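Just below is one structure, and these are the notes that go with it.
Remember, it's 1-based here, ligands and their atoms both numbered in the order they're listed. Because the structure is predicted, anything quoted here is derived from the model rather than measured.
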Amino acid sequence: MLGIPCIGAPEQGGTKVNIVVTGGAGFIGSNFIYYLLKHHPEDHVICLDALTYAGNLATLEEAMKNDQFRFIRGDIADRDIVEKLFEEVKPDIIVNFAAESHVDRSIVDPGVFLRTNIMGTQVLMDACRKYGITRFHQVSTDEVYGDLPLDQPELFFTEDTPIHTSSPYSASKASADLLVLAYSRTFGLPVSITRCSNNYGPYHFPEKLIPLMISRALADQSLPVYGKGENIRDWLYVEDHCSAIDLVMRLGRAGEVYNVGGHNEYTNIEVVRTILRELKKPESLITYVTDRPGHDMRYAIDPAKIHSELGWLPSTKFQDGIKLTVQWYLENRFWWVNILEGDYQNYYETMYANR
Ligand code: NAD
Ligand code: TDX
């Protein structure tokens, strides 16, 4: 056994695909684990997660009951832990979700973003080279392309859009992408990258726009909208993102980047008003606060490549997905109230007081 804490069923052996999901105790990674267990019950799924503030074992409670799943606590930037995991688990596919993911935190403290998002990716790929894998899949973001102007709605990010980052977060993700492509070209490592637009859905940490607004509106607290609220994001229901990653890591061409998004563009103020309508709360809760430094105006993905090569299209429209999401937060209060009761209060005070 690994000399690190393991929870869940041991490996069964056999000819099944072993998939290591890093960052699987976070928002998208956990949704991806549930997606794999549902759609590929024959595969073995191993989650490697350091359980930072954003990681939550409660999210994986149901997965822990599945014999095909196993959780290992560890840091992707820790070479010893990663190599021990490779020796024992012999993964076929690595999907790297592990990251510091919040733009506002990267503005306050960039260092940890560079360590996890860049160095962690390197450590994982070095292990892939040493032990051999069939695919290393990097979960990236549309933020690597920078932003688009509000007055040219005909413009979209394609895979050929130049990298042009704004925040320490996006710079760290773009650096990792370049490193992944370098490992493909120089060492022939079989890699793929997906660059996705803003996700939303169950298990989204309440520091991000949608869950923050839902949780605060339910408590009749003010809703802090940055600037004028006119920035645009291209919203993707998390399950649609999971189906895209699953396709690309199995069938996508090695060495390629695939954009993932689905023409669901809304301004932030439209999103907040939609949430208020769903919750039957008054618009007077909205408070405009000082803008985020370097705030990207508009993200919008052109998903033509993943559609034409792999047949992927998102199945959930924003107006349906936001209803499902609000419903999930209403039905799973224990999940997010637990988070709000921890260090989160200090976080909110630090980030929003005097704003
Ligand atoms: P998240 O912050 O909810 O979860 C991140 C997870 O990674 C947590 O479980 C955390 O414990 C773990 N982690 C952090 N540092 C680690 C380390 N050093 N070693 C091991 N585990 C570590 O993030 P998310 O929103 O689920 O995003 C997942 C990935 O998708 C990230 O790479 C992010 O850049 C990318 N992405 C996110 C979005 C979005 O809208 N949320 C959109 C596009 C791309
Ligand atoms: O309190 C807030 N008020 C507000 O107006 C917060 C938290 C956000 N916003 C705005 C900023 C953005 O324009 O809402 C928009 C969405 O903000 P976030 O939820 O922080 O997401 P964003 O910065 O767009 O980045 C997200 O999408 C791309 C993820 O956090 C990244 O991990 C992903 O790469």
Side-chain angles (χ1 to χ4, degrees), residues 21-32 47-57 59-60 72-78 81-82 95-107 112-113 115-117 119-121 123-124 138-144 147 166-167 169-170 172-174 176-177 193-201 203-213 216 222-236 238 241 245 259-261 266-269 271-272 286-292 294-299 301 348 351-352 355:
V21 177
T22 70
F27 165 45
I28 311 175
S30 60
N31 278 281
F32 186 67
C47 172
L48 174 67
D49 196 298
L51 296 181
T52 67
Y53 80 93
N56 189 347
L57 264 191
T59 305
L60 294 174
I72 296 171
R73 184 170 190 177
D75 179 348
I76 60 164
D78 183 329
I81 284 180
V82 168
V95 194
N96 184 25
F97 290 92
E100 289 294 331
S101 70
H102 192 33
V103 173
D104 291 330
R105 287 185 192 254
S106 83
I107 295 168
V112 66
F113 285 70
R115 182 182 178 277
T116 291
N117 299 3
M119 304 303 288
T121 303
V123 168
L124 290 174
Q138 175 74 355
V139 181
S140 185
T141 169
D142 58 1
E143 295 199 20
V144 302
D147 62 353
S166 308
S167 69
Y169 163 71
S170 56
S172 70
K173 293 296 289 184
D177 282 13
I193 297 176
T194 40
R195 292 181 180 149
C196 184
S197 56
N198 286 58
N199 283 218
Y200 67 106
Y203 302 117
H204 204 181
F205 194 86
E207 67 188 347
K208 307 285 169 56
L209 179 75
I210 288 179
L212 181 111
M213 296 301 171
R216 289 187 66 82
S222 65
L223 308 185
V225 172
Y226 298 166
K228 295 178 184 158
E230 60 190 8
N231 307 65
I232 292 175
R233 296 294 182 264
D234 182 2
W235 292 98
L236 184 70
V238 63
H241 187 192
I245 294 171
N259 282 354
V260 184
Y266 291 91
T267 62
N268 292 338
I269 194 67
V271 170
V272 174
I286 295 172
T287 312
Y288 292 93
V289 301
T290 308
D291 210 349
R292 171 186 283 173
H295 197 174
D296 284 335
M297 285 314 303
R298 172 178 170 242
Y299 302 144
I301 285 276
Y348 193 86
M351 298 303 256
Y352 292 89
R355 190 156 189 162

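- Regarding atom 12 (C) of ligand 2, its nearest protein heavy-atom neighbour is His295 NE2, 3.4 Å.
- Every residue two or more places apart in sequence or in another chain that forms a side chain to side chain contact (heavy atoms under 4.5 Å, CB included) with Thr290 is listed here: Arg355.
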**OP:** Would you please test Tyr53 and Arg105 for side-chain hydrogen bond (donor to acceptor under 3.5 Å, both in side chains) and show each step?
**Re:** CA-CA 12 Å; Tyr53 80 93; Arg105 287 185 192 254; 3.1 Å; yes
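- Side-chain atoms of Lys228 and Thr267 include no donor-acceptor pair closer than 3.5 Å.
- The side chain of Leu212, and not its backbone, has at least one atom closer than 4.0 Å to an atom of ligand 2 (non-hydrogen atoms only; side chain from C-beta on).
- Residues that satisfy the side chain to side chain donor-acceptor pair (under 3.5 Å) test with Asn259, not counting sequence neighbours, are Tyr145.
- Inspection of the Asp142 and Ser197 side chains reveals no N or O donor paired with an N or O acceptor under 3.5 Å.
- Heavy atoms of Val103 found under 4.0 angstrom from ligand 2 belong exclusively to the side chain.
- Between Arg355, Arg292, His102, it is Arg292 that holds the heavy atom closest to atom 23 (O) of ligand 2.
- For the residue pair Tyr348/Arg216, the side-chain donor-acceptor check at 3.5 Å is satisfied.
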**OP:** Apply salt bridge (Lys or Arg N to Asp or Glu O under 4.0 Å) to Asp75 and Arg115, showing your working.
**Re:** CA-CA 11 Å; Asp75 179 348; Arg115 182 182 178 277; 2.9 Å; yes
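- Within the 4.0 Å heavy-atom criterion, the part of Glu143 lying near ligand 2 is the side chain and not the backbone.
- At least one heavy atom of Glu207 sits under 4.0 Å from some atom of ligand 2.
- A search for side chain to side chain contact (heavy atoms under 4.5 Å, CB included) contacts involving Thr59 returns Ser30, Asn56, Tyr203, Trp335, not counting sequence neighbours.
- Protein residues are said to neighbour a ligand when one of their heavy atoms lies under 4.0 Å from it; for ligand 1 these are Gly23, Ala25, Gly26, Phe27, Ile28, Asp49, Ala50, Leu51, Thr52, Ala54, Gly55, Gly74, Asp75, Ile76, Phe97, Ala98, Ala99, Ser101, Thr116, Val139, Ser140, Thr141, Tyr169, Lys173, Cys196, Ser197, Asn198, Asn199.
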